[in-house]
Amino acid sequence: MSYELAFEVERGDFETAGGASRKIKKTLQQLGISSKIIRKVSIAGYEGEMNLAIHSWGGTILLEVAETEIILTIQDSGPGIPDLHLAMTEGWSTAGVEARRMGFGAGMGLPNMDRNADHFEIESKVGNGTKILMKFFL
Ligand SMILES: Nc1ncnc2c1ncn2[C@@H]1O[C@H](COP(=O)(O)OP(=O)(O)OP(=O)(O)O)[C@@H](O)[C@H]1O
Ligand SMILES: [Mg+2]
């Protein structure tokens with residue numbers, strides 16, 4: 001059995017964003033995935049969705065549920081991250097005033113994704129975009 005679901009996340013709509021992660025959570029519940037794994041996928045998916053809305057020009061989230069793992073692929077086409085090591089550092093953020101007013105900008109999203117996923121890969125190129133691949137083993 002394999003199941004796929006894709007979501008578009010638009011730039012700047014972080015006041016209403018969170019919809020994709022909510023649907024991912026619901027889908028996993030309907031598929032009977034354990035709550036422990038749903039929790040991890042939901043946290044990582046939410047952080048990824050918010051980063052698309054806040055930092056990118058918009059992007060997509062792809063959810064794949066296979067026999068032995070759940071795969072989340074989150075990608076956008078810009079602006080890209082100049083220094084991945086810095087971006088992965090807890091507390092480091094370039095979030096603007098508006099995002100901070102909404103409670104974002106703690107610089108914890110990427111470290112949180114890394115912590116919750118069993119496998120975490122990020123690649124980014126300025127001018128080209130960012131791609132994050134996360135796996136959660138069932
Ligand atoms: N998709 C992206 N495109 C461009 N830059 C990004 C993207 N995702 C993250 N970044 C950069 O990496 C930094 C760290 O991201 P991270 O999610 O860890 O923290 P944050 O979004 O700033 O704050 P928080 O997630 O705690 O609300 C961001 O401030 C931003 O500079
Ligand atoms: Mg973030």
Side-chain angles (χ1 to χ4, degrees):
M1 178 213 71
S2 176
Y3 184 95
E4 272 189 35
L5 203 58
F7 301 92
E8 297 266 333
V9 180
E10 293 194 15
R11 166 188 202 172
D13 87 10
F14 52 88
E15 295 194 32
T16 51
S21 349
R22 269 196 300 278
K23 280 181 200 139
I24 286 171
K25 185 174 184 178
K26 206 165 178 188
T27 300
L28 296 179
Q29 282 168 341
Q30 282 163 353
L31 289 172
I33 305 295
S34 82
S35 55
K36 190 180 158 202
I37 291 171
I38 291 178
R39 197 182 128 76
K40 297 203 282 180
V41 178
S42 299
I43 293 170
Y46 177 78
E47 295 291 1
E49 182 177 9
M50 289 307 159
N51 279 357
L52 286 184
I54 295 170
H55 305 294
S56 88
W57 298 334
T60 57
I61 301 177
L62 177 68
L63 169 75
E64 293 170 82
V65 183
E67 204 71 56
T68 58
E69 64 191 7
I70 293 172
I71 303 171
L72 268 188
T73 309
I74 303 179
Q75 57 185 327
D76 61 64
S77 48
I81 302 174
D83 186 334
L84 276 182
H85 179 73
L86 255 190
M88 291 300 301
T89 305
E90 288 190 8
W92 192 84
S93 173
T94 61
V97 239
E98 218 189 321
R100 288 179 194 269
R101 204 177 294 136
M102 299 290 299
F104 302 106
M108 291 306 292
L110 289 172
N112 239 335
M113 286 185 235
D114 188 20
R115 219 182 349 260
N116 279 282
D118 295 310
H119 173 87
F120 176 92
E121 254 176 73
I122 181 167
E123 50 185 68
S124 188
K125 207 172 166 194
V126 173
N128 227 328
T130 302
K131 180 176 176 181
I132 295 171
L133 174 77
M134 291 180 279
K135 291 184 179 178
F136 305 82
F137 303 135
L138 296 173

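Counting convention: from 1, in listed order, for ligands and their atoms alike. Heavy-atom basis, side chains included; hydrogens, waters and symmetry copies ignored. Note that this is a predicted model, so its numbers are computed, not measured.
Nearest protein heavy-atom contact of atom 12 (O) of ligand 1 is A87 CB, 3.6 Å. Scanning the protein heavy atoms around atom 9 (C) of ligand 1, the nearest turns out to be N51 ND2, 3.7 Å. Annotation: atom 20 (P) of ligand 1 to nearest protein heavy atom, H55 NE2, 3.6 Å. Protein heavy atom closest to atom 23 (O) of ligand 1, with residue, atom name and distance, is G107 N, 3.0 Å. Looking at atom 29 (O) of ligand 1, its nearest protein heavy atom turns out to be T94 N, 2.7 Å.
Ligand 1 has no nitrogen or oxygen under 3.5 angstrom from a nitrogen or oxygen of P79. Where the criterion is an N or O separation shorter than 3.5 Å, residue side chain and backbone included, S56 fails it with respect to ligand 1. Considering both main-chain and side-chain atoms, L110 comes within under 3.5 Å of ligand 1 through a nitrogen or oxygen pair. Looking at F104 next to ligand 1, no N or O pair under 3.5 Å apart turns up. Taking only nitrogen or oxygen atoms, main chain and side chain alike, G105 reaches within less than 3.5 Å of ligand 1. Residue G103 places no N or O, backbone or side chain, under 3.5 Å from any N or O of ligand 1. Taking only nitrogen or oxygen atoms, main chain and side chain alike, G109 reaches within less than 3.5 Å of ligand 1.
Close contacts between ligand 1 and A106 involve ligand atoms 23 (O), 24 (P), 26 (O), 27 (O) [criterion: under 4.0 Å to a heavy atom]. Atoms of ligand 1 found under 4.0 Å from any heavy atom of E47, numbered from 1 in the order shown, are 25 (O). Each of the following atoms of ligand 1 lies closer than 4.0 Å to a heavy atom of P111: 18 (O). Every atom of ligand 1 with a heavy atom of S93 under 4.0 Å away is listed here by number and element: 20 (P), 22 (O), 29 (O).
Side-chain contact between E47 and L110 is absent, with no heavy atoms from C-beta onward closer than 4.5 Å. Inter-residue side-chain proximity for R101 and E98 is flagged as met; some heavy-atom pair is nearer than 4.5 Å. Residues M50 and M102 are not in side-chain contact: their nearest non-hydrogen atoms beyond the backbone lie 4.5 Å or more apart. A 4.5 Å side-chain heavy-atom check between V65 and T27 finds every atom pair outside the cut-off. Between L72 and F136, the closest side-chain pair of non-hydrogen atoms falls below 4.5 Å.
To the nearest 0.5 Å, atoms CG (L28) and NZ (K40) are separated by 13.0 Å. For the atom pair OG (S34) and CZ (R39), the distance works out to 12.0 Å, reported to the nearest 0.5 Å. One finds the OG1 atom of T73 at 8.5 Å from the CE atom of M134 (value rounded to the nearest 0.5 Å).
At least one heavy atom of D76 sits under 4.0 Å from some atom of ligand 1. The shortest heavy-atom distance from I54 to ligand 1 is not under 4.0 Å.
For W57 against P79, the heavy-atom pair with the smallest separation is CZ2-CB, 3.5 Å. Listed here is the closest heavy atom pair of A66 and L138: O-CD1, 3.5 Å. Between L52 and G59, the shortest heavy-atom distance links the atoms CD1-C, 3.9 Å.
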task: Go through R115 and I43 one step at a time and tell me if the side-chain contact (heavy atoms from CB on, under 4.5 Å) criterion holds.
output: CA-CA 10 Å; R115 219 182 349 260; I43 293 170; over 6 Å; no
message: Pair D118, F120 - check side-chain contact (heavy atoms from CB on, under 4.5 Å), show working.
response: CA-CA 7 Å; D118 295 310; F120 176 92; over 6 Å; no
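A donor-acceptor pair is defined here as one N or O able to donate and one able to accept, closer than 3.5 Å; no such pair exists between the side chain of E4 and the backbone of L62. Distance alone, capped at 3.5 Å, is enough to place a donor-acceptor pair between the D76 side chain and the T130 backbone.
With sequence neighbours excluded, no residue satisfies salt bridge (Lys or Arg N to Asp or Glu O under 4.0 Å) with E123.
With waters left out, the protein N, O or S atoms under 2.8 Å from the Mg ion (ligand 2) add up to 1.
Under 4.0 Å from ligand 1, the heavy atoms of I81 that appear belong solely to its side chain. When non-hydrogen atoms are compared, ligand 1 lies under 4.0 Å from neither the backbone nor the side chain of M88.
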